[in-house]
Amino acid sequence: MPQRHKIVVCRDLGPDVMPLLTKYPELEIVLWPENSACDRKWLLDNAPGASGILVMLSEKVNAELLDTAGPSLRVVSTMSVGYEHADTAELAKRGVRFGYTPDVLTDAVADLSIMLALMAGRNAKETALIWPNFVWSPFAFCGPQLSATSTSPKRTAGFIGFGRIAQATLARLVPFGFTHCLYSANPSTPPNPSADAQVAAKYGVKEVKRVDLNELARESDVVFVLAPGGPKTYHIVNEDFLKQMKKTAVLVNTSRGTLVDSDALAKALHEGWLYGAGIDVVEGEPQVDQNHPLVTAPRCIVLPHIGSATTETRIGMATLAAENLIGGVFGKNMPAELQMSR
């Protein structure tokens with residue numbers, strides 16, 4: 001009889017993906033039975049002796065969990081592109097492999113970023129709430145137009161972070177008439193004007209330019225926050241940044257809630273430092289209620305972290321997470337393994 005490997009799965013991956021796991025008789029699957037975030041006590045109770053653990057963003061992968069699982073643990077797989085919930089140093093120290101799900105959600109998040117820019121600029125939140133009890137007037141509900149016009153032919157997109165999702169978002173902005181792209185990047189990486197020129201040519205814009213955050217805030221018509229989370233980017237969008245934005249500008253955050261100071265953004269919206277904001281991620285989520293300062297702020301659309309929430313994308317993410325888990329448990333190739341140094 002083949003050796004059986006215990007795997008702990010923190011959420012049901014659905015009828016399209018669970019068979020990828022259940023088809024292996026060598027796997028003993030321990031599945032969190034509820035349609036909610038996995039209970040920490042349940043996870044710790046079931047982790048001992050596991051060869052693999054499949055988690056979501058809601059599960060902290062730290063020394064406590066890894067010590068509880070013990071030396072049998074070979075792999076942790078997360079159904080997310082971000083991995084700030086995982087202590088990679090602790091994983092590396094123990095020789096535990098780690099899988100994640102990059103690339104799969106690029107297009108879905110880029111689509112949502114454009115949607116939020118449109119919704120924020122056209123004040124979809126307040127106009128939807130007031131309908132049908134409103135009084136029409138020529139300039140009621142008017143906000144900044146996303147697309148270029150004959151009287152305003154220049155449109156500049158600003159990106160905090162300029163990876164795959166940011167460039168996919170830029171590609172979607174080009175048909176709206178965006179002509180210029182500014183971005184900020186990790187200070188540890190040197191500028192590369194030649195690469196910027198190649199990106200500009202690829203997408204057909206006049207300029208792609210790396211700038212500091214101050215210039216990005218001052219010059220952008222829409223600022224897209226698309227950098228990784230973590231200590232280095234914590235509250236990178238703060239009062240100083242927001243005060244420099246155009247009064248007609250829109251801020252969109254579809255990356256991590258910790259990059260934006262929620263209180264500062266709410267204050268900026270109340271005082272008119274910028275026009276509006278489209279937010280898919282909020283610091284402290286899912287503990288965000290109707291009294292949260294961004295939920296109550298004017299001209300601010302807040303969504304419940306649905307950037308990857310298309311059927312196609314979520315199936316793709318779940319499939320990749322399952323395949324990473326299988327590869328790690330059986331000591332084979334993982335399609336998307338994070339390379340960690342001990």
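The model shown is predicted, which means the values in this text are computed figures rather than measured ones.
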How would you list, by chain and number, every residue that makes a salt bridge (charged side-chain N to carboxylate O under 4.0 Å, His left out) with [X], sequence neighbours excluded?
| X | answer |
| --- | --- |
| Lys332 | none |
| Arg172 | Asp107, Asp111 |
| Asp263 | none |
| Asp240 | none |

Strictly below 4.0 Å, N to O, side chains only: are [X] and [Y] in salt-bridge contact?
| X | Y | value |
| --- | --- | --- |
| Arg256 | Glu84 | yes |
| Asp87 | Lys60 | no |
| Asp221 | Lys246 | yes |
| Arg40 | Glu64 | yes |
| Lys209 | Glu215 | yes |

Exercise. What pairs meet the side-chain hydrogen bond (donor to acceptor under 3.5 Å, both in side chains) rule with one or both residues in residues 306-322, with sequence neighbours excluded?
Worked result: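 Sorted result for residues 306-322: Ser308-Arg314, Thr310-Thr313.
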Return the set of residues passing side chain to side chain donor-acceptor pair (under 3.5 Å) with [X] (not counting sequence neighbours), or none when no residue passes.
| X | value |
| --- | --- |
| Asp16 | none |
| Ser188 | Asn186 |
| Gln287 | none |

Problem set entry | ring-ring contact (aromatic ring centres under 6.0 Å, His included) pairs, two or more places apart, involving residues 12-67 |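 Sorted result for residues 12-67: Tyr24-Phe330, Trp32-Trp42.
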Problem set entry | Inter- and intrachain pairs under ring-ring contact (aromatic ring centres under 6.0 Å, His included), touching residues 228-275, at least two apart | none
For this session: List for me each residue that meets ring pair (Phe, Tyr, Trp, His ring centres under 6.0 Å) alongside Phe178, sequence neighbours excluded, and say none if there are none.
Result: none
For this session: For the residue pair Phe98 and Tyr100, categorise the inter-ring angle as parallel (less than 30°), tilted (30 to 60°) or perpendicular (more than 60°).
Result: parallel
Exercise. Under the side chain to side chain contact (heavy atoms under 4.5 Å, CB included) test, which residues partner Lys206, sequence neighbours left out?
Worked result: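 Once residues adjacent in sequence are excluded, the partners of Lys206 under the side chain to side chain contact (heavy atoms under 4.5 Å, CB included) criterion are Thr179, His180.
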Exercise. Any side-chain donor paired with an acceptor under 3.5 Å for Asn214 and Gln244?
Worked result: yes
